[in-house]
Amino acid sequence: MIHSIPNASIVIFGATGDLAHRKLFPALYQLYQKGHMKENFSVVGVSRKEYSHDDFQAEVASAINEHAPGAKSEIVQKFASHFYYLKMDVTSEPSYHELEELLNVLDRDYQTNGNRLYYLAMAPKFFGTIPTFLKSEGITRTEGWQRIVIEKPFGHDLPSATKLNEEIQQCFNEDDIYRIDHYLGKEMVQNIQVIRFGNAIFESIWNNKYIDSVQITSSETLGVEDRAAYYEKSGALLDMVQNHMLQMVMMVAMEPPGELKPEHIRDEKVKVLRSLRFFNEEEVKQNVVRAQYSAGEMKGEKVPGYLQEENVAPESKTETFVAAKLFIDNFRWTGVPFYIRTGKRMAVKSTEIVIQFKQGPMALYHAKTEKYQPNLLRIHIQPDEGVSLTLNAKPKGDTSDLLPIDMTYNNKSTAEMNSPEAYEKLLHDCLLGNSTYFTRWDEVALSWEFIDRITKAWQSGTGSLLTEYTSGSMGPIEADQLLTADGHSWWEPTKVREEC
Ligand SMILES: NC(=O)C1=CN([C@@H]2O[C@H](COP(=O)(O)OP(=O)(O)OC[C@H]3O[C@@H](n4cnc5c(N)ncnc54)[C@H](OP(=O)(O)O)[C@@H]3O)[C@@H](O)[C@H]2O)C=CC1
Ligand SMILES: O=C1O[C@H](COP(=O)(O)O)[C@@H](O)[C@H](O)[C@H]1O
């Protein structure tokens with residue numbers, strides 16, 4: 001449900017950066033032009049570059065025109081007039097006094113009641129420093145609420161994430177810490193709950209008695225682009241699996257919450273991680289595949305391999321693709337493999353969840369034909385948003401053959417990725433104090449514990465070896481073998497099927 005956002009000041013640390021320009025300004029703009037933000041708000045952009053307030057407002061307007069197509073210029077101008085700029089090095093204590101002075105003026109001018117949201121759109125090395133100074137310099141000491149949004153990556157392993165968390169928790173209460181995972185803001189990721197718990201026909205068969213296996217694919221066509229400095233250290237495991245992929249697993253596998261309250265939902269999600277089988281080194285080798293893209297062709301154009309990309313070490317062992325077979329050892333899911341895969345430079349940009357149902361007890365029809373397909377429920381996260389259900393029917397006419405048919409609901413079909421919308425939803429929730437779709441510390445800690453075992457096995461050399469896949473493919477053969485060993489195969493994302 002959409003509510004009006006309370007009066008507040010928003011401080012964006014890293015306001016000249018990529019995230020602020022491509023996602024945050026457009027997301028705030030959408031909230032404003034839809035009327036969810038009234039006039040009583042201010043946004044302070046912070047970074048080290050030299051800008052006047054006017055320059056910054058012009059920059060914000062231009063980012064919105066570029067990244068929010070169709071924005072109306074008079075609304076953009078009015079919206080941008082709420083923006084202020086402070087040149088500040090976040091590591092320098094004295095500059096926080098200037099920030100406080102500016103915020104005090106804005107609190108008064110916009111009657112914000114001292115409500116403040118701090119968004120850390122900065123490199124992770126600053127995630128501990130900023131909250132520490134915000135508290136020590138008294139900026140968080142106002143009458144209103146104080147909330148902080150932390151971008152990813154939240155640490156690079158469990159010890160670093162724990163240390164960071166301790167630093168932040170010394171300055172903000174857990175309830176006021178919003179660890180963002182933008183996949184949780186995606187329309188269809190949020191819809192998983194409704195599809196499951198709002199439809200008796202699904203919830204009653206959502207278990208190992210009726211479900212054969214689950215597949216989650218998030219494939220990208222882009223390569224590492226200009227992010228090698230970050231990506232070389234993270235790879236696909238830390239960049240996508242630790243957060244987005246595990247979040248989707250939790251949403252599919254969680255038990256129904258007692259109530260639709262943030263803590264009830266987050267409690268159920270975290271229970272999934274408690275039941276997730278944590279691999280030993282041998283199990284990592286058997287169940288986790290890692291690979292790197294080699295040169296290939298995308299849309300008829302030659303593209304370089306990962307090792308030829310700018311700022312990538314010539315001998316780099318960073319994985320750009322991960323596939324894994326996961327097990328959730330609980331009453332509902334024992335015996336149902338969860339196959340996940342994600343990678344860069346793959347054939348299509350697509351995120352899809354496929355629930356494969358078991359065959360009925362007697363092969364009345366499918367014994368006679370190869371056209372039989374198991375029933376599949378596909379949840380299309382992006383670029384299309386929707387759900388489809390594959391059934392078997394009889395083709396028209398005098399035949400006993402089978403014809404797989406799709407019943408499809410398309411929520412929205414757009415050429416654009418829906419990330420800005422995800423940020424819009426999440427910013428809206430955060431300004432309203434709703435943390436349902438933000439990650440709680442216990443979720444983050446458990447996901448790191450799971451991931452650290454994989455990293456350790458890879459580093460020790462006992463885990464699976466790094467293999468290769470051609471740019472423009474759907475990943476290495478080893479990822480296919482992970483499934484064929486169980487008599488399964490990857491269901492092609494809908495986009496690939498359409499393009500064939
Ligand atoms: N970009 C994206 O699509 C995504 C980004 N993220 C995360 O968001 C965060 C920001 O990413 P992104 O915007 O791409 O990063 P950028 O490198 O584009 O921006 C970093 C920002 O930090 C500012 N900055 C750097 N050092 C200081 C300092 N000492 N004091 C004040 N400001 C400083 C820079 O401005 P200046 O140099 O002027 O000081 C710039 O505004 C990262 O944690 C990233 O992992 C997460 C998901 C997606
Ligand atoms: O967090 C990240 O996500 C993007 C993919 O997001 P999407 O919304 O476009 O699917 C990924 O490209 C990036 O490497 C990662 O840091």
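Atoms considered below: every heavy atom in the structure, side chains included; atoms not considered: hydrogens, waters and symmetry mates. Order of listing sets the numbers, starting from 1, for every ligand and every atom in it.
Looking only at distances, a side-chain donor or acceptor of Trp490 sits under 3.5 Å from a matching main-chain atom of Ala479. Side-chain N or O atoms of Tyr469 include one that pairs as donor or acceptor with a backbone N or O of Thr320 at under 3.5 Å.
Against a heavy-atom cut-off of under 4.0 Å, Pro153 is close to the following atoms of ligand 1: 45 (O). Contact atoms of ligand 1 toward Ala15: 41 (O) (distance under 4.0 Å to a heavy atom of the residue). Below 4.0 Å from some heavy atom of Asp89 lie the following atoms of ligand 1, by number and element: 28 (C), 29 (N), 30 (N). Of all atoms in ligand 2, numbered sequentially from 1 with element shown, those under 4.0 Å from a heavy atom of Lys344 are 11 (C), 12 (O), 13 (C), 14 (O). When each atom of ligand 2 is checked for a heavy atom of Gln382 under 4.0 Å away, the hits are 7 (P), 8 (O), 10 (O). The distance from ligand 2 to the heavy atoms of His182 drops below 4.0 Å at these ligand atoms: 1 (O), 2 (C), 3 (O), 6 (O), 7 (P), 8 (O). Contact atoms of ligand 1 toward Pro124: 43 (O) (distance under 4.0 Å to a heavy atom of the residue). Within ligand 1, the atoms closer than 4.0 Å to a non-hydrogen atom of Met88 are 30 (N), 31 (C), numbered from 1 in the order shown. Those atoms of ligand 1 that come under 4.0 Å of a heavy atom in Ser47, given as number and element, are 31 (C), 32 (N), 35 (O), 36 (P), 38 (O), 39 (O), 41 (O). Taking a cut-off of under 4.0 Å to the non-hydrogen atoms of Phe127, the atoms of ligand 1 that pass are 43 (O).
Side-chain contact of Gln292 with Lys317: a donor-acceptor pair under 3.5 Å is absent, judged by distance alone. If you check the side chains of Tyr230 and Asp239, you find a donor sitting under 3.5 Å from an acceptor. Side-chain contact, Ser52 with Asp55: a donor N or O sits under 3.5 Å from an acceptor N or O. Side-chain N/O atoms of Gln57 and Tyr85 include no donor and acceptor closer than 3.5 Å.
Other residues, nucleotides and ligands contribute more than 12 heavy atoms inside 6.0 Å of the CG atom of Leu222. For Lys34, the NZ atom sits in a packed shell: over 12 heavy atoms of surrounding residues, nucleotides or ligands are nearer than 6.0 Å.
Residue-to-ligand polar distances keep Ala20 apart from ligand 1: every N/O pair is separated by 3.5 Å or more. At least one N or O atom of Lys186, backbone or side chain, sits closer than 3.5 Å to an N or O atom of ligand 2. Considering backbone and side-chain N/O of Met122, one or more are found under 3.5 Å from N/O of ligand 1. Where the criterion is an N or O separation shorter than 3.5 Å, residue side chain and backbone included, Gly17 meets it with respect to ligand 1. Between Thr91 and ligand 1, no N or O atom pair is found at a separation short of 3.5 Å. Checked against a 3.5 angstrom limit, the closest N/O atoms of Arg48 and ligand 1 fall inside it. For ligand 1, the polar-atom distance check finds an N/O of Lys152 within less than 3.5 Å of one of the ligand's N/O atoms. Polar contact with ligand 1: present for Lys49 (N/O pair, distance under 3.5 Å).
Within a 4.0 Å radius of atom 17 (O) of ligand 1, the protein has no heavy atom.
In this structure, Thr351 has no heavy atom closer than 4.0 Å to ligand 2. Heavy atoms of Tyr183 come nearer than 4.0 angstrom to ligand 2 in at least one pair.
Distances from atom 35 (O) of ligand 1 to the heavy atoms of Val46, Ile180, Thr16 show the closest one on Thr16.
Heavy atoms of Phe126 found under 4.0 angstrom from ligand 1 belong exclusively to the side chain.
Ion pair Lys87/Glu98 not flagged as a salt bridge, since none of the NZ, NE, NH1 or NH2 atoms sits closer than 4.0 Å to an Asp/Glu carboxylate oxygen.
Scanning the protein for heavy atoms near atom 11 (O) of ligand 1, the closest one is Leu19 CB, 4.2 Å.
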